[in-house]
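Written below as C-alpha cells is the structure these notes are about.
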Amino acid sequence: MLFQIPAVRYPSTPSPPSSSSSCSSPSPRNPPRRSPRSRMESNAMVWFRKGLRIHDNPALDHARRGGCARLFPVFVLDPRYLEPDPTAFSPGSARSGLNRIRFLLDSLADLDSALRSLGSRLLLLRGEPAPLICRVLKDWNIGKLCFEFDTEPYSLARDKQVSDFASASGIQVFSPVSHTLFNPADIIEKNGGRAPLTYQSFVALAGKPPEPLSVTYHELPPVGDTGEYQLLSVPKIEELGYGDISQEEFSPFRGGESEALRRLKESLKDKEWVAKFEKPKGDPSAFLKPATTLLSPYLKFGCLSSRYFYQCLHDIYKSVGKHTSPPVSLAGQLLWRDFFYTVAFGTPNFDCMRGNKICKQVPWRDDEELLVAWREGQTGYPWIDAIMIQLKKWGWVHHLARHSVACFLTRGDLFIHWEKGRDVFERLLIDSDWAINNGNWLWLSCSSFFYQYYRIYSPISFGKKYDPNGNYIRHFLPVLKDMPNEYIYEPWTAPLSVQKKARCIIGKDYPKPVVDHDIASKECRKKMAEAYASNHSGENVPSGRSSNVLRRKLQNENREGSPPTNSKQRKKHSLL
DNA sequence: CTACAGTTGAAGCC
DNA sequence: GGCTTCAACTGTAG
C-alpha cells in the first residue's frame with residue numbers, strides 16, 4: 001500500500017526525490033556535520049520526538065537519502081512524561097493528564113502504521129532518552145542521526161548531550177528546524193539579537209516562510225538489526241499504570257497524522273469560511289461544532305506541519321481573492337504560534353516570573369483553596385466552571401474560554417499566580433505547548449505582551465453575549481440544566497423557590513460564588529496598578545525607565561480638560 | 001521624545 | 001449593532 005502524503009492535494013509541484021535540494025535549512029547552530037566516509041554511513045536514524053508525521057519531515061527525508069541502507073525510525077517513551085504520579089490532582093504523570101498522553105499514543109500508533117505501509121516500522125524504546133539514544137547509536141552502528149530541532153529548554157539540554165556524543169563518535173548530525181514556520185534563531189538575529197516583543201514587529205521581521213517538502217514516498221529503506229533491544233508496541237493508555245481509569249471520560253479528539261490531515265481537509269473545504277476567518281469573532285460557547293479548526297494539538301505534536309498548513313491557506317487565499325489578514329486570519333494564527341516560539345526561545349526563564357526580564361513582577365496571592373475551586377470547576381460562576389469541566393473532559397476549550405478562566409484566576413478576580421494556572425493548563429490541555437501556553441499566561445495575566453489590566457472579562461456577561469440561554473453551561477454542568485435562562489449565569493440570585501424547582505440549591509448542589517466579581521475585580525485592578533508602579537520604581541527595572549513613566553504620568557495629568565486625544569476621536573476631529 | 005497602535009472588555013446609550 | 005465612555009497600560013517607529 002502506498003502512503004499518499006497529503007490527503008488533500010494542493011497545486012504544489014511535487015519534486016522528484018533526487019532533485020529536490022534540502023528544503024529546510026538546518027539551524028545555524030546545528031549545521032550538519034560531515035564525518036569521514038565509513039561503512040557506518042549506510043545506517044541512518046531518524047529520532048522522532050515532536051514531528052510525528054511523514055509529510056514535510058526534513059529529518060526523515062534526510063535520513064533516508066544518500067545511499068542509506070538501513071533506516072532506524074526511533075521514538076523513546078520518556079519516563080519524565082509518562083511515569084504515573086498518584087499525587088497529581090488528576091490521573092496521569094507529573095507533567096500530563098491522561099488526555100494528552102493518549103493523544104501521544106494515538107499519534108505514535110498512527111506513525112507506526114504509516115511507516116509499516118512504507119516497509120518500515122517505528123522502533124519504540126523506553127528509558128531516559130539521551131543516554132538511551134547514545135547507546136543505540138553505537139550498538140546499531142549509526143552513521144547519520146537526524147532529528148527535528150526543538151527549542152524547549154528541556155529538549156535543548158537533552159539534545160545537546162546526544163549531539164555532543166554523536167560528534168565525538170564521528171556520527172553525522174542533521175537537525176533541521178521544521179516544527180515552526182521560521183527558525184526562531186534567525187528572527188532573533190534579524191532583530192539585533194533580541195526577540196521581538198510585539199506581534200507586528202515579529203511579522204515585519206518574519207517575511208515568507210519556507211515551503212514544505214512535497215515528496216511522496218512509496219517505500220523507505222528497511223529497518224536494520226536491533227540486536228538485544230526490547231522493542232515495544234505502542235501501549236494502550238490502560239497499560240501504563242495510571243490505576244483504575246475505567247471511569248475516566250476521555251477527549252473526543254484523537255491523535256495522529258491521518259486524523260490531522262483529515263481534519264485539515266475538513267476545515268479547508270469551506271473556502272469562504274477560511275477566507276473570512278477572524279479569530280476574535282469566534283464563539284467560545286460553541287461545543288457541538290467548535291468555532292475553530294481544532295488543529296492545535298496536531299501542530300503541537302507535529303502530526304501536522306505548520307508549513308504545509310500555511311501553504312494550503314495561501315493557496316485558498318489566492319483562489320478566493322478577498323480574505324482576512326494577520327493577526328486575525330487563520331494564517332495569522334500560525335504566525336502567533338511562531339511569535340511565541342521565538343520569544344520563548346530568546347527569553348531566559350520564560351516560564352516563570354522570577355528572573356524573567358519580560359515579566360512584570362506582581363505580588364500574586366497564595367490561596368490553595370481558591371486555586372482548587374478554580375481548578376475543579378467549583379467557583380460558583382457557571383461560565384467559569386463549565387469551561388474548567390470542558391477542559392478537564394475534552395482537554396480542549398476555545399481560545400476565548402481560556403481567556404475567561406485565565407483572567408479570572410489571575411488579574412481579574414482571584415489574583416493567583418499565573419504559574420499555577422499554567423501548570424493546570426499544561427496538565428490538562430491536549431494542545432499544551434510550552435512556548436504557547438506560557439506565552440498566553442504571561443499575556444492574560446498582564447505580565448507581558450499585553451498590559452491593559454483594566455480590561456477584565458466578566459465571568460457573567462462575557463459568556464452571556466454568545467450564549468444567552470446557557471446551553472454550554474447546561475451541557476458541562478448538568479446540575480444547572482433546569483435553571484431558568486435568566487439565572488443561569490448568576491444562579492445565586494435565583495429565589496429559593498426557583499432553585500427548588502430547578503432541583504439545584506445554591507450552596508448545596510452548586511457552590512456560592514467564591515468571590516464577588518464587582519468587588520474582587522476592582523481590588524485586582526488596584527493591586528495591578530500598584531504592582532506596575534513598583535515595577536517602575538523597583539530594582540527590577542532597567543535604568544532610564546522611571547523618567548519615562550514620570551513623563552507619562554505628567555502627560556496624563558495635563559490631559560485633564562484638554563481636547564480628546566484618543567486616536568479615533570482625533571481622526572474624527574481632523575475630518576470635521 | 002512623541003504619537004500611535006495594540007487579535008478578542010463592559011456598560012450604557014441610541 | 002454601532003458608538004462612546006470608562007481610566008489609562010506598553011513597545012515600537014519615526
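Chain naming here is simple, since letters A, B, ... match the order of the sequence lines and numbering starts at 1 in each.
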To the nearest angstrom, the CD1-P distance between A:I456 and C:dC9 comes to 14 Å
- Query: Relative to the ring of A:H475, is the ring of A:W394 parallel (under 30°), tilted (30 to 60°) or perpendicular (over 60°)?
  - Reply: perpendicular
A:Y453 has its side chain closest, among C:dA8, B:dT8, C:dG11, to C:dA8
A:K526 atom NZ is separated from C:dC9 atom P, nearest whole Å, by 17 Å
Mutual orientation of the aromatic rings belonging to A:W336 and A:Y199 [parallel < 30°, tilted 30-60°, perpendicular > 60°]
parallel
In whole angstroms, the gap separating P of C:dA7 from CD of A:E530 amounts to 17 Å
Select base, sugar-phosphate, or nothing to describe what A:K360 touches, counting heavy atoms under 4.0 Å on all strands.
sugar-phosphate
Under 3.5 Å, is there a donor on one side chain and an acceptor on the other for A:N438 and A:R422? yes
What does A:F462 touch in the nucleic acid at a heavy-atom separation under 4.0 angstrom: a base, only the sugar-phosphate, or nothing?
sugar-phosphate
Closest of B:dT8, C:dC9, B:dA10 to the A:Y454 side chain is C:dC9
Atom OH of A:Y466 and atom C1' of B:dT8 are separated, to the nearest Å, by 6 Å
Looking only at B:dA10, B:dT8, C:dA7, the nucleotide nearest the A:R525 side chain is C:dA7
Run the ring-centre check on A:Y472 versus A:Y466 and record whether the distance is less than 6.0 Å. no
Whole-Å distance, A:F450 CZ to B:dA5 P, equals 17 Å
When rounded to whole Å, the NE2 to C1' distance for the pair A:H398 and B:dT7 reads 12 Å
In whole angstroms, the gap separating C1' of B:dT7 from CG of A:N440 amounts to 11 Å
Checklist entry - So does A:K465 get a side-chain nitrogen or oxygen closer than 4.0 Å to the phosphate oxygens (OP1/OP2) of B:dT8? => result no
Practice item. Could you give the distance separating C:dA8 and B:dG6 at their C1' atoms, to the nearest angstrom? Key: 14 Å
A:R427-A:S90 side chain donor-acceptor pair, cut-off 3.5 Å:
yes
**Request:** Take A:H417 and A:D366 through the test side chain to side chain donor-acceptor pair (under 3.5 Å) and record every step on the way to the result.
**Result:** CA-CA 7 Å; A:H417 207 306; A:D366 200 9; over 6 Å; no
Paired to C:dG11 by Watson-Crick or G-U wobble criteria (both distances under 3.5 Å) is B:dC4
Give a yes/no answer on whether the side chain of A:Q200 brings an N or O atom under 4.0 Å of OP1 or OP2 in B:dG6.
yes
When rounded to whole Å, the CD1 to C1' distance for the pair A:I358 and C:dG11 reads 12 Å
Please state whether the phosphate of B:dA11, meaning OP1 or OP2, lies under 4.0 angstrom from any side-chain nitrogen or oxygen of A:S461. yes
| said: Students often get this wrong, so: under 4.0 angstrom with heavy atoms, is A:L197 touching a base, only sugar-phosphate, or nothing? | reply: sugar-phosphate
Regarding the side chain of A:Q452, the nearest nucleotide among C:dC9, B:dT7, B:dA10 is C:dC9
Regarding the side chain of A:Q333, the nearest nucleotide among C:dA13, C:dT10, B:dT7 is B:dT7
